[in-house]
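Note sheet for the following structure.
Throughout, protein chains are lettered first and strands after them, A, B, ... in sequence-line order, and every chain is numbered starting at 1. Every heavy atom of this structure was used, including side-chain atoms; hydrogens, water molecules and symmetry mates were not.
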Amino acid sequence: MRTDEQALVEAARAGDQDAFAALVEANQSKIYNLALRMTGSPEDAAELTQETFFNAWRGLGRFQGESAFSTWLYRLGSNACIDFLRREKRRRQISLTVPLDGGEEERQAELPDWRYSPERQAEQQELREALQAGLDALTPEHRQVLVLREIHGLSYGEIAAALTLEEGTVKSRIARARLALRKYLVETGNFPACASSSRAKGRPE
Amino acid sequence: MSSCDEALDLISARLDGALSAGEEAALEAHLALCPACRALLADLEELHGVLPELWTEPPADLTDRVMDRIRTEPSAASTRRSVRRWKQWLSMVAVFAVILLGAGGLRWLSAGYLGAGSSGGAAPAAGAPAAPAGGQMEAVCSGNSVAPEVVADAPLEDLPGPDTVDGAAPLCIPASAPAPEPDTGAEATVTAKNPDGSRIAEAGNSADTGDTQATAAFALLCAEPELAGLVSAGPLPGQEETGLLLRRAEDAQGDTPAYAALLCVDAEGTEVHLHIWAEERAAWADQYAIWTVTRLEDGTAALQSEQAGDCALCVLPTILE
């Protein structure tokens, strides 16, 4: 698979747009999901995904195959997200209520799935919103490592390569991000699961 | 027996399958005695299980939109900096100093002399003190510009290399800063001082990221191991008039992207942000390293970072006044 990717990259670097389109197709979910969870907005995520691939196209000459193509894309994507968040922060408070996932909604409208009761759909949506609100409450540097680990399933090494960090930094940042997310969700009463009298409050940090 | 802080790291690593047998045993031992951490483990396991459900399919037309954009834009080879342009710029710019504060004190990575015209070569400011014995150094800022000193005109290749020995005399010094940009209005000087007030270095300049919100900016350094190479000043890509920033010069292969660090003060003048030049995007990438600015009574400002010990810098755009 890697050599197929290499062939596509070579071709794209030589100007073959169809080859690049294949690379986009293969990697767009990764970048889209990173941007979606970093920004909480499907529209912004789509825009940032386009921007990332556009930058990748322009910067192909710089990519020497020193890492997987997706690792390089993650780097471009996370930079684009961070820059975007910087600019957005200056303009407004980041809303903690997250827009509904447009994609999901559209699908539901087109193909109503009667396996799920409206109640369950609402619960799932509520869960997604609560989690996104939790992510929004994190610092961007916590958010990005947590998203890449938990949602994208990247290893510490892959995250370290993508974000040009030390692996140890990635590891400890993820731990702190998990703690911060949990703290936020508990404090806002949004913890998805088991309510609990057994959950100790105010865990020392 | 581990503490709860250590347990957090172990719990997190366990979720990622990154625990050694010994660490697993230590964690179990702690959990047996700590209900708070058991609760934490349960919660984090839950989050670990549920977060992947946030994965969402992108809009169906996203690839098309990407390719449309690519097709309609003229294909551009990545623009490479012109070294010749640099040198031209260098001849007009002030000297800069690069300061890196490690936990052990002051360490100079590099510094450079840039000519202010063709004045004769003079040695850098004399008597630069040796690195302080240890402890944190507070960088303080002053809004007064410093009278220019004569500086040697050195070509790019002759800029000194890294110098990390404690006690080695750092090169420093400010010469005249370039005319400030009208909108930044910053003609600023930086003074780095030892805790006892003795002066270590000064440099001055201004820059603008081009972002309308950021005002004056300054450049120093962060503790990146890669930056232990030659550092020199150069223009902000896309902006002729610029100011000061730091770049690592190209290595012998000529292909390594130069590396630049830039600090920007936000519009409120309360935070300084570190940006790294992202060559592949021809744009500044915010590293989200933030220093908070505190005004001191004597009119100077102190910069403090949570990343204690790793970075140091001084900045003083006049916005701080």
Side-chain heavy atoms of Ile82(A) within contact of Met38(A), under 4.5 Å: yes
Qualifying residues under salt bridge (charged side-chain N to carboxylate O under 4.0 Å, His left out), relative to Asp16(B), sequence neighbours excluded: Arg149(A), Arg178(A)
Those residues of residues 16-26 of chain A, ordered by number, that approach chain B below 4.5 Å (heavy atom to heavy atom): Gln17(A), Asp18(A), Phe20(A), Ala21(A), Val24(A), Glu25(A)
Val147(A) side chain reached by Leu34(A) side chain, heavy atoms, under 4.5 Å: yes
Beyond-backbone contact of Gln6(A) with Phe69(A), side-chain heavy atoms, under 4.5 angstrom: no
side-chain contact (heavy atoms from CB on, under 4.5 Å) against Ala18(B), all qualifying residues, sequence neighbours excluded: Tyr156(A), Ala13(B)
Pairing residues for Arg13(A) by the salt bridge (charged side-chain N to carboxylate O under 4.0 Å, His left out) criterion, not counting sequence neighbours: Glu10(A)
Segment of Leu60(A) engaging chain B (4.5 angstrom heavy-atom cut-off): neither
Note, Asp68(B) side chain near Arg71(B) side chain (heavy atom, < 4.5 Å): yes
Residue, of Thr63(B), Leu44(B), Asp64(B), Val66(B), that accumulates the most heavy atom pairs under 4.5 Å with chain A: Thr63(B)
